[in-house]
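Atom set for the values below is all heavy atoms of this structure, side chains included, hydrogens, waters and symmetry mates excluded. Note that the structure is a prediction, hence the values are computed from the model and not measured.
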Number of protein chains: 2
Amino acid sequence: MEEKEISKAVIRRLPRYYRYLGELMESGVERISSNELSERMRVTASQIRQDLNNFGGFGQQGYGYNVKYLYDEIGRLLGLDKKHNVIIIGGGNLGQALANYPAFEKRGFIVKGIFDINPKLSGRTVRGIPIMPMEQMEEFIRENDIQIATLTLPKTSATEVADQLISYGVRAIWNFAHTDLNVPEGVMVENVHLSESIMRLSYNLTRYEEEHKSGKKEKK
Amino acid sequence: MEEKEISKAVIRRLPRYYRYLGELMESGVERISSNELSERMRVTASQIRQDLNNFGGFGQQGYGYNVKYLYDEIGRLLGLDKKHNVIIIGGGNLGQALANYPAFEKRGFIVKGIFDINPKLSGRTVRGIPIMPMEQMEEFIRENDIQIATLTLPKTSATEVADQLISYGVRAIWNFAHTDLNVPEGVMVENVHLSESIMRLSYNLTRYEEEHKSGKKEKK
DNA sequence: TAGATTGTTAATCGATTAACAATC
DNA sequence: TAGATTGTTAATCGATTAACAATC
């Protein structure tokens, strides 16, 4: 009845909670209070409690949170309790690097195939994953229950390929191309714009240098 | 006198403005109003005007914004008018993929060297960029005016290596390792946590599926 | 039970949007 | 000049933090 819409800001933080809880588990910590966690993560305890309460009462008064339980619950929210079949479009350096990344498999993201316009790459494999020509994409998606497509190709072809992918039934696009995709309702896009990321770093570096240039500038 | 602190949200948007303005330039557009740009970028015109005004009056009443001028100004803010020397720590797949990325060079980010703990990689090159052993890092940083270090190595060594880099004078870290870095004031960190990114995608996909499962669920 | 800590409401802060006077 | 569009102030919205009653 009451659809409590969860804000993007909260969702953005979920994977980070998951990471910290995983580390706590590894070091054998069984329970943790929002206060302790807040010190480790450098966020307020209030925010932690607010965030978690969006999804239900995961804690217990007077006790705190059970680390394993909370870890599993957040994992479930993030869809990490299920396998997701992934394809990578674009078999260049970045595409191959992602295909080679074992950590994704551990979290349930299984790379099933790589597609590239370059016919010379066809037939090769990366970590046992076949590189195939674009023509086989549709059949492959339909037959292998592919939910997520990773776009590691030039922006010039990204839009067109994304449209194809969606028409073949892909519901989620992990977009590394330097362009924004317009997708219909019900299709998810997560952008990784690396060039924008390094520009933000460059901005901060430049601002800092400007403010501190010519040695130590005395503050009046 | 009045230090107008610019919010992180604004800075996050700057590179995207830059991208759109670059595309407008390429297609020969000379001027644009906040209204037109807002339609293309799917943000409000009000936000565009507010954002840009943080940095000064880039527009002109009755006319709008000169595309080339605005592009250059934002580029300058982002520090793209200067060259930045970059090293990559970790010569694995991702490190090599970034080294191979020509778009960075175009923006003034010059990869000068790659460092890896694996001595077998030493002496090899990627796109003419030498891979060197970690022992040479300090000297290389000091002699080549390195400002930015890219961390593409396992989280287990990331913290330690970051500390080293900072002590050698690196002021900005582009962190791809799955961990948060604690750095002193004056050192910039930009995180690219790919596993968190794909988890957000997975979250949205999973939520959407839950809401629409068992075919079309009628809404009362 | 007493102490601890959550869940949750209320207060504050910041960011976005709307409105319009300034001005090209 | 009249029309267009910015720069900027005010209003709204949303997110974070503080506070505390509920409860384990």
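The six-membered or imidazole ring of Trp174(B) lies near that of Phe104(B), with a centre-to-centre distance under 6.0 Å.
As a whole-Å value, the separation of Leu70(A) CG from dT6(C) P is 11 Å. What separates CZ of Phe58(B) from P of dT6(D) is a distance of 14 Å, to the nearest Å. One interatomic measurement links the two molecules: CZ of Arg31(B) to C1' of dT6(D), which rounds to 12 Å at whole-angstrom precision. The interatomic distance linking Glu36(B) (CD) with dT5(D) (P) rounds to 8 Å, in whole Å. Between Tyr69(A) atom OH and dC24(D) atom P there is a gap of 14 Å when expressed in whole angstrom units. When the C1' atom of dG14(C) is taken as reference, atom CG of Asn54(B) falls 13 Å away, rounded to whole Å. Residue Asn53(B) contributes atom CG, which lies 12 Å from atom C1' of dT5(D) at whole-angstrom precision. Taking atom CG of residue Leu52(A) and atom P of nucleotide dG7(C), one finds them 8 Å apart after rounding to whole Å.
Cation-pi check for Arg19(B) over Tyr17(B) is not met; the charged atom does not lie both under 6.0 angstrom from the ring centroid and within 45 degrees of its normal.
Remark: of the listed residues Ile148(A), Leu98(A), Asn85(A), Ile129(A), Ile129(A) is the sole one forming a side chain to side chain contact (heavy atoms under 4.5 Å, CB included) with Val111(A). Between Ile6(A) and the choices Asp51(A), Leu14(A), Leu77(A), Ile11(A), the side chain to side chain contact (heavy atoms under 4.5 Å, CB included) rule is met once, by Ile11(A).
When all heavy atoms of Gly95(A) and Thr152(A) are compared, the closest pair comes out as CA-OG1, 3.4 Å. Contact between Asp116(B) and Gly91(B) at its shortest, heavy atoms only, is OD2-N, 2.5 Å.
Residue Tyr65(B) places at least one side-chain N or O closer than 4.0 Å to OP1 or OP2 of dG7(D). Regarding contacts with the backbone of dT6(C), a side-chain N or O of Ser34(A) is found under 4.0 angstrom from either OP1 or OP2.
Atom OH of Tyr18(A) and atom CD1 of Ile74(A) lie 9.0 Å apart (nearest 0.5 Å).
Salt-bridge formation is detected for the pair Glu138(A)/Arg142(A): a Lys NZ or Arg NE/NH1/NH2 atom is positioned less than 4.0 Å from an Asp or Glu carboxylate oxygen. Remark: Lys112(B) does not engage Asp145(B) in a salt bridge, criterion side-chain N to carboxylate O under 4.0 Å.
Closest-nucleotide positions on DNA chain D for Gly59(B) and Gln61(A) were compared, and the one nearer the 5' end corresponds to Gly59(B).
Helical stems involving DNA chain D, defined as 3 or more consecutive Watson-Crick or G-U pairs under 3.5 Å, span C:3-24 with D:3-24.
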Dump every N/O contact between nucleotides 15-18 of chain C and the protein below 3.5 Å, one line per pair.
from    : atom 1 : to       : atom 2 : distance (Å)
dT16(C) : OP1    : Arg13(B) : NH1    : 2.9
dT16(C) : OP2    : Arg13(B) : NH2    : 2.9
dT16(C) : O5'    : Gln47(B) : NE2    : 3.3
dT17(C) : OP2    : Thr44(B) : OG1    : 3.0
dT17(C) : O4     : Gln50(B) : NE2    : 2.5
dA18(C) : N7     : Ser46(B) : OG     : 2.7
dA18(C) : N6     : Ser46(B) : OG     : 3.4

